[in-house]
Amino acid sequence: MIYDFLKTFAEGINIPSLIFESFWAVLMFAFLAAFMIIVVLFLVLFERKLLAAFTVRKGPNRVGLNGIFQTIADAIKLLIKEDISAYNTDKILFTLAPLIFFMPVMILFGLMPYTNLLYAVNIPLGVVAVMAVTAFSSLGLILAGWASNNKYSLLGGARAVIQSVSYEIPLVLSILSICVLAGSLNLKEIILAQSGGLFHWYVIPNILGFVIFYISTLAELNRNPFDLPEAENELIGGYNTEYSGMKFAMFFLAEYAQLFILSLLGVLLFCGGFQSPFGIYFGVGFFIQLEQLFWLFAKTFCLIFLAIWIRATLPRIRSDRLSVFCWKYVLPLALLNLLFISIYKFIMGG
Amino acid sequence: MNLTGYGILFIFVILSLLFAVAMLVTAYIVQPKYKREIKFQTYECGLNPNQSARIKFDVKCYIFAILFLLFDVETIFLFPWAVIYNKIGLFALLEGILFILVLGIGLFYAIKRKLLEWQ
Amino acid sequence: MTKTEMLKLNIGPQHPATHGVLRLLVELEGEIIKSCEPIIGYLHRGMEKIAENRSYIQYLPMVDRVDYLSGFFNSFGYCTAIEELLDIEPTQKANYIRIIMMEFNRITSHLMWLGSMLLDLGATSPLFYAFRERESILELFEEYCGQRMMFNAFTFGGVKFDLTKNWLNKAEKLIEKMPKYFDEYEAIITKNPIFMDRTLRIGIIKKEVALDYSITGANARASGIDLDFRINNKKSIYSEFKFNIPIKIEGDCYARYLVRFAEMRESLEIIKQAIEKYKQVKNEPIVNKKFNSVFLKIPNEQTTTYTEAPRGLYMCQVIADGTNKPYRIKHRTGSFSSIQLLQELVVGNTLANLMPIIGSLDFVLPEADR
Amino acid sequence: MCEEILKKFENLVFTKDKAQNLVVEINKDDLILIVKNLKDNGFDMLICVSGVDFRDFIEIYYFLYSTKLAQKVILKTKIIDEIESIWKIFKSADWFEREIFDLLGVKFANHPNLKRILLPEDWKGYPLRKNYVANDIRLVWND
C-alpha cells in the first residue's frame with residue numbers, strides 16, 4: 001500500500017522508476033536493519049530471561065522494569081567500549097572478519113518473505129541464495145580465528161571450519177527435500193504451496209528432514225550442544241577471544257540475528273511460513289497481514305524457544321564426535337530422507 | 001526500466017556492507033582511546049604467549065574440506081532436478097535414486113576407509 | 001610434505017575451566033594433547049609457615065582455609081591431632097555434631113563438584129540446581145556457627161556450638177527432601193547420551209596408576225581401590241555407623257561421577273543415623289575439658305591424623321616442641337596428588353576430553369597449594 | 001607385619017607416635033631398599049613425604065600405607081641436606097620431593113625434575129627452615 005502510494009507520487013513528479021525502485025530498496029533496507037536490531041535486542045533478553053527461568057533464577061532485573069532495557073544498556077556499553085586489537089594481529093583481516101560475518105545476515109533478512117505482501121527481495125532462486133549467503137558467514141569465523149594470532153582463536157577457527165563444512169551438506173539436503181515437495185526454489189512459492197492449514201505443512205511428511213534441518217542449523221549457528229568454536233570452558237571465547245567493543249558486538253549481533261533468521265527459514269520451509277495453522281484468516285484486508293506476521297513470529301519463537309531449551313539442558317558434544325556424528329548419522333539419514341521424499345512425492349502427486 | 005529481484009539483492013549487498021562499516025566507524029568515533037602497552041597483549045590465560053599462533057598446525061580438517069567440496073558440488077546438481085521433478089515423473093525418480101545411491105556409496109566408502117576418525 | 005609444529009598452549013592460570021588457578025602447559029598436535037605439565041603454586045599462602053608463628057588456638061581458624069570447600073574436614077583433622085597430643089577425648093555428643101557437620105559438608109563439596117564438572121562440559125543448568133541445594137545446606141551451617149564456608153566451629157576436645165532444636169528440625173526436613181533432588185539430577189545427567197559419550201571410557205585411571213600416584217578418596221574408589229579412611233582408621237568415630245562405601249572398577253570419568261553421586265546419598269544416611277544418636281546423648285557437654293587454650297602448651301610429641309575429606313585423604317602431621325606454638329604442621333591433601341596425575345592421564349586425549357578429566361578429578365587449587 | 005618385612009635390616013628403631021602409628025627410624029642409605037621391600041610386600045601407596053627442620057639436621061618422613069592390610073607405617077630418617085629420591089618406586093614422590101626441596105631445600109639425588117613447585121622459580125631461601133628470615137623485598141607491598 002505504501003509502495004503503491006509512493007509509486008504514484010514518484011510518477012507524479014517524474015522520477016525515473018529505476019531511481020524510485022532503488023530508493024524503495026534503501027527504505028526497505030533501513031526498515032529491516034531497524035527490525036533486525038530490535039529483534040536481536042529482544043532475543044538476547046528473551047534468552048537470558050528464559051535461561052534464568054530454566055535455572056530457577058531471576059535473570060536481568062535491574063535496568064528498567066524487570067530488566068527490559070538490559071540489552072539496550074549492554075549495546076550502549078559495547079558501542080562506547082574501546083576497540084583493541086592485540087600485537088601481531090593481521091589488522092585488515094581482523095577488521096574484515098566481523099564484517100564478513102555480519103553482512104550475510106543482513107542480506108538474509110532481505111531474502112525472507114514476511115507476509116504475502118511484505119518482502120524485500122523476491123527472486124526465483126531464493127533458496128539457493130539463502131544457502132549461498134548462509135555458507136558465506138562461516139568464512140568470517142575462520143578469518144577471525146586466523147587473524148587474531150591467538151592460539152585459542154586458532155583452535156576455535158579450525159573447529160568452526162570442520163563444523164560448518166560438515167553440517168552444510170545435511171542442511172542443503174534437507175532443504176532440497178522441501179524443493180522436491182514444492183517443485184520450486186522460490187521461498188514465497190514454497191510457502192504458498194503449504195497453504196490450507198496444519199496438515200498441509202511440509203513438516204508432516206518430512207518430519208525427519210525437519211529434525212535434520214534443525215540439528216544442522218544448531219550446528220551452523222554454533223549453539224549448544226554444538227557450540228564448540230566458542231566453547232568457553234575449553235577455548236575461552238574461541239574465535240572471538242581477542243575481539244572487543246564494536247567488533248565483538250557485531251559477532252554477537254550477527255549470531256543472534258542468525259538464530260532468528262534461520263529459525264524463520266525453518267518456519268518458512270517446514271511450517272507454512274506466515275500461513276495460519278487453521279487454514280483461514282479471521283481478519284480482512286490489512287489485518288490479514290498483521291495476522292500473518294503474528295503467525296510467522298509465533299512459530300519462529302517456538303523454534304527459538306526450543307533452541308534455548310536445548311541450550312539449558314544439554315552438555316556440549318565432543319569435538320571429534322561432532323564431525324563423525326554428522327558424516328556417519330546425519331548425512332546418510334539426510335540422503336535417505338531425500339529418497340523417501342522423492343518417492344513419496346511421486347506416489348502422492350507425481 | 002524496472003529493478004528485478006536481483007537488482008534489489010545487489011543493493012542489499014552493498015547496503016549491508018555500508019551498514020556494517022558504518023557501525024564500525026560510529027564505534028570508532030564514540031569509543032575512548034586510552035592506549036596502554038598492556039592492553040595489546042595477546043590473551044593467553046594471563047601469561048605472555050610463548051610462541052606465535054601462526055605455525056604449521058595440523059588441524060585435521062583437510063579431509064573434511066575435500067569431502068565437503070565433493071558433496072556440495074554434487075548436491076548443487078540436485079537443485080535443478082528438484083525443480084523439474086514434477087514435470088518429468090518416473091524418469092526423474094529413477095535418476096534421482098541413482099544419483100543419491102552414488103552419493104551414498106561414496107559416503108559409505110569414506111566411512112569404511114576410516115577417513116573421518118581423528119586418531 | 002612439511003612437518004607440522006606442536007602448538008604450545010597455556011591453559012590457565014586465567015582460564016574458565018581450571019577450578020582456580022591451575023596452569024597446564026600442554027603441547028597440541030591438532031587437538032590431541034601430546035604432553036602436559038601442570039604448574040601450581042599460584043595460590044600458595046604459606047599455611048605451614050604461618051603455623052610456626054601462631055599458637056595452637058590461633059592457627060585453628062587458618063585450617064579451615066586449606067580447602068575452602070570442605071573446611072570442617074581440615075578442622076577435624078587438626079583438632080583430632082591436637083586432642084591426641086593432649087590425651088583428651090571429645091565427648092560423644094561432640095563427635096556426633098562433628099559427623100553431622102562433616103557429612104553435610106561433604107554433600108556441599110560434592111554438589112559444587114557436580115555443578116562445576118557439568119559446567120566444564122557445557123551444561124549450565126546443573127550448576128544452578130546444585131547451588132540451590134548447596135545454599136540450603138550452607139544456610140544450616142550459617143545458623144549453626146555463623147559462617148558459611150570458613151566455619152571455625154570445632155575446637156580441641158569438642159565443638160564450639162551446640163545444635164538447637166530448631167536446627168535439628170530443619171536438618172531433618174532437608175534430609176527428607178534431598179534424595180528427591182538427587183533423583184532430579186540423575187534424571188537429567190546420568191543417562192544423558194552426550195554426558196555418557198563425554199565421560200564413559202575417558203580418562204581411565206588404572207588401579208596400579210592410582211596407587212603409584214597416591215590417588216585417594218573417591219577418585220581411588222572409582223578405580224577399584226577399597227580405601228576409605230572413615231573405615232580404615234584404627235579408631236574412627238564412624239565405626240558405629242552403618243553405611244556403604246561405593247566402589248567402581250572402571251576408573252573412568254563416569255565411574256568417578258557415579259561414585260561421588262552414591263557417596264552423597266550415603267552421607268545422608270550417616271547424617272540420619274547421627275542425628276538419632278545425637279538425640280540420645282543430648283545432655284552431655286559439647287567440650288570435654290575446658291582449658292586455657294591461649295597458653296596451651298603441648299609436650300614434645302608428634303602425631304599424624306588421617307581424615308577422609310571429599311577430595312581424598314587429608315593428613316595432618318603435627319610436631320610439638322613444648323611451647324605454645326606448633327613446631328611443624330604438615331598438610332597432605334588429595335588435590336595435590338590428583339593434579340600430579342594429570343601429566344600422565346591427559347596425554348593422548350583431545351583437548352575436549354581434558355575438561356571432563358579435570359572436572360571429574362575434583363581438585364581445588366588452594367588445597368593443593370596450601 | 002611391618003616388623004616382619006623389615007626384619008632383615010639392621011639399625012632400625014621401632015617406636016610409636018601419639019596416635020599409635022608405627023614409626024621406624026632408618027638409616028638414609030637403606031632408604032631405597034627398605035621402601036622397595038615394603039612396596040613388594042604390600043605397602044603399595046606412598047601417602048606423603050614430609051620434612052622437618054631441626055636446625056642441626058633435617059628429618060624426612062615417609063608415610064606408607066597398605067591398601068590390603070589397612071596398615072600405615074611411617075619411615076623417619078635424619079639427613080643433613082641430601083637424600084636419594086624414591087620417585088622410581090613411587091611416582092607420586094616426584095611432587096612430594098619437589099615440595100620439600102622447595103620449602104626446605106633438601107636435595108634429592110637422581111630426581112628428574114628438581115625445581116620449585118609452590119614458590120616462584122626465583123625465590124630466595126627455603127621458608128620452612130628455622131633460620132629463614134622473611135625479608136624478601138617482594139613481601140613489601142606498600143611502597
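Residue numbers start from 1 in every chain, and the chains themselves are labelled A, B, ... in the order their sequence lines are given, proteins ahead of strands.
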- Query: For the residue pair N337(A) and S177(A), what are the closest heavy atoms and their distance?
  - Reply: ND2-OG, 3.8 Å
- Task: Could you pull out the closest heavy-atom pair between M112(A) and L187(A), with the gap in Å?
- Result: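 Smallest heavy-atom distance, with atoms named: SD-CD1, 4.5 Å.
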- Task: Can you label the angle between the Y329(A) ring and the F325(A) ring as parallel, tilted or perpendicular, going by 30° and 60°?
- Result: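 Correct class here is tilted.
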- Message: In terms of relative ring orientation, are F101(A) and Y239(A) parallel, tilted or perpendicular, with 30° and 60° separating the classes?
- Response: tilted
Spacing of [atom1] belonging to [X] relative to [atom2] belonging to [Y], to within rounding of 0.5 Å:
| X | Y | atom1 | atom2 | answer |
| --- | --- | --- | --- | --- |
| L70(B) | L103(B) | CG | CG | 9.5 Å |
| S342(A) | L181(A) | OG | CG | 9.5 Å |
| I142(A) | S137(A) | CD1 | OG | 9.5 Å |

Which region of [X], side chain (C-beta onward) or backbone (N, CA, C, O), has a non-hydrogen atom less than 4.5 Å from a non-hydrogen atom of chain B, or is it both or neither?
| X | value |
| --- | --- |
| E82(A) | both |
| P124(A) | both |
| D90(A) | both |
| T241(A) | side chain |
| F29(A) | both |

With respect to chain B, which residue among [options] yields the maximal number of heavy-atom pairs within a distance under 4.5 Å?
| options | result |
| --- | --- |
| L176(A), L253(A), L338(A) | L176(A) |
| L125(A), V180(A), I178(A) | V180(A) |
| I123(A), I84(A), V26(A), L79(A) | I123(A) |
| I175(A), I343(A), L99(A), T89(A) | L99(A) |
| K81(A), M103(A), R321(A), K247(A) | M103(A) |

- Item | With Y243(A) via ring pair (Phe, Tyr, Trp, His ring centres under 6.0 Å) - residues at least two apart | F94(A), F251(A)
Quick check: does any side chain N or O of [X] sit under 3.5 Å from a backbone N or O of [Y], one acting as donor and the other as acceptor?
| X | Y | result |
| --- | --- | --- |
| S148(A) | N150(A) | no |
| S153(A) | N149(A) | no |
| Q31(B) | D83(A) | yes |

Among [options], which residue has the highest count of heavy-atom pairs closer than 4.5 Å to chain A?
| options | value |
| --- | --- |
| V83(B), V30(B), L15(B), I76(B) | L15(B) |
| I97(B), L24(B), D72(B) | L24(B) |
| I29(B), V13(B), L101(B) | V13(B) |

- Message: S244(A): which residues meet the side-chain hydrogen bond (donor to acceptor under 3.5 Å, both in side chains) condition with it, sequence neighbours left out?
- Response: none
- Task: Using side-chain hydrogen bond (donor to acceptor under 3.5 Å, both in side chains) as the criterion, list what pairs up with N240(A), not counting sequence neighbours.
- Result: none
- Query: For L93(B), is it the side chain, the backbone, both or neither that has a heavy atom under 4.5 Å from a heavy atom of chain A?
  - Reply: side chain
- Task: Taking heavy atoms only and a threshold strictly under 4.5 Å, list by residue number the residues of residues 166-174 of chain A that touch chain B; give 'none' if the list is empty.
- Result: S166(A), E168(A), I169(A), V172(A), L173(A)
